[in-house]
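As structure tokens, the structure follows; a few thoughts come after it.
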There are 2 protein chains.
Amino acid sequence: MLSEVLIQSISKIHPLSQALIDRLSNVTRQVSFPKKTTLLTQGNICDKVYFIEKGLARAFYLKEGQEVTSWLMQENDFIFSVNSFYGQKPSYENIELLEDSILTSLGYHELQSIYRDFLEFNIIGRVLTEYYYTLSEERTFSLRLQTTKDRYESLLKMQPEIFNRVPLKYIASYLGMSAETFSRLRAKVK
Amino acid sequence: MLSEVLIQSISKIHPLSQALIDRLSNVTRQVSFPKKTTLLTQGNICDKVYFIEKGLARAFYLKEGQEVTSWLMQENDFIFSVNSFYGQKPSYENIELLEDSILTSLGYHELQSIYRDFLEFNIIGRVLTEYYYTLSEERTFSLRLQTTKDRYESLLKMQPEIFNRVPLKYIASYLGMSAETFSRLRAKVK
DNA sequence: AAATCAACTTGACATAAATCAAGAAATAAA
DNA sequence: TTTATTTCTTGATTTATGTCAAGTTGATTT
């Protein structure tokens, strides 16, 4: 089944024919998972992309036993491991849910066959890829150029709601600092 | 004019019809620039994508007056500022040539019209975007997770030739460290 | 070839942030 | 509600890396 929100979201990029909607309906599945569910474990191949209808997810790597959050995504975002999904090779990142969530999933091979059968879906795929690539570059820019304080303040400004939904220790590593440094920063700035 | 190398490079992704080759030939231009030429200055909109036929380029940001190299690209790579080109908004990165170079350029609007007129070109655009996105993620992963020493050794292993073509100070900031730290690291590892 | 300029190295020192550790607060479970 | 677990805070200390500075080497230019 295809949610109205998902249809809206992608038809904004390019109108969907009825045939394409039908095909998407046939190959996607809506699933519910409780908080803390692992969607992808490192070493495995990411063979699905998920759209978050409701909920919140994070990706993290392990650095010497410690978890480092690489991204946080919420409603109306697509989530998957970039390296693993596109290259269909083992992932070095993990994906888990931070809240009870409702997701729509689409398998890698099903997606490829849609790209083959519906040329116009490549427009949608291209534009979405460009969008998420841009987001990713902005995160990297922030990590490289901003000080810890700047990064904290940017996030506070851009996504204030995230601070109520995500444990601060995850936000700390997402911003590229230890939980202690982050805690001290918050005490200072506030 | 369209170089054989460029045709090869993109037709590997999806075969090019003669009409598409003709169209590409009409809208691309081969240009030669000397070393140190600036292709993009921050604040301006990146309105072209370049394919490097021969030569080498780097992108950099300014961080408190200091240049921070964000990427280095050589032959057979496409270069542009991701944020600026896709969003057609002012760039915060600069692009300059580190060697005398031969490039093939394609304007943003010409590219969009090809996407419109040749649906199959969206396959090529999508796959290339996926590829460069993956590269970018790998760079970010390296910055986040590896120690300075690991990053140096990875680069030495993956792209040893770069050390002979690029001033080490640029490589230092590309690897996210000061020129001094990089110099000490090299003395140590060698 | 000399002079000029840019790139690289090395040392001394400063500093931001990590780590270690312990306790407080908040949240979840019994 | 009490207990247990997780999250967050605060302090003391260490460490990696940045900054400043001076000198050397190498490359370009005249």
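In what follows, chains are A, B, ... by sequence order, proteins preceding strands, each numbered from 1.
- At D/dG18, one or more side-chain N or O atoms of B/Thr181 fall inside 4.0 Å of OP1 or OP2 (strictly under the cut-off).
- In the model, A/Arg58 has a side-chain atom that pairs as donor or acceptor with a side-chain atom of A/Thr69 under 3.5 Å.
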Q. Between B/Ser154 and B/Gln146, is a side-chain hydrogen bond (donor to acceptor under 3.5 Å, both in side chains) present by the stated rule, with each step listed?
A. CA-CA 9 Å; B/Ser154 299; B/Gln146 298 186 306; 3.3 Å; yes

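- Between A/Arg29 and A/Glu110 no salt bridge is recorded (no basic side-chain N to carboxylate O distance below 4.0 Å).
- Remark: A/Arg126 does not engage B/Glu120 in a salt bridge, criterion side-chain N to carboxylate O under 4.0 Å.
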At a cut-off of 3.5 Å, list every protein nitrogen or oxygen paired with a nitrogen or oxygen from nucleotides 20-26 of chain C, distance to 0.1 Å.
residue : atom : partner  : partner atom : Å
C/dC20  : N4   : A/Glu180 : OE2          : 3.2

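- Using a cut-off of 4.0 Å between Lys/Arg side-chain N and Asp/Glu carboxylate O, B/Arg165 and B/Glu161 are scored as not salt-bridged.
- A sub-4.0 Å separation between OP1 or OP2 of D/dT17 and a side-chain N or O of B/Thr148 is present.
- A/Leu185 has its CG atom 12 Å from the C1' atom of C/dA16, to the nearest Å.
- Rounded to a whole Å, the CG atom of A/Leu98 is 16 Å from the P atom of C/dT27.
- When each of A/Arg151 and B/Val166 is assigned the nucleotide of DNA chain C with its nearest heavy atom, B/Val166 is the one assigned upstream, toward the 5' end.
- Using a 4.5 Å cut-off between side-chain heavy atoms of Ile, Leu, Val, Met, Phe, Trp and Tyr, with links allowed through other members, A/Phe141 and B/Leu143 fall into different hydrophobic clusters.
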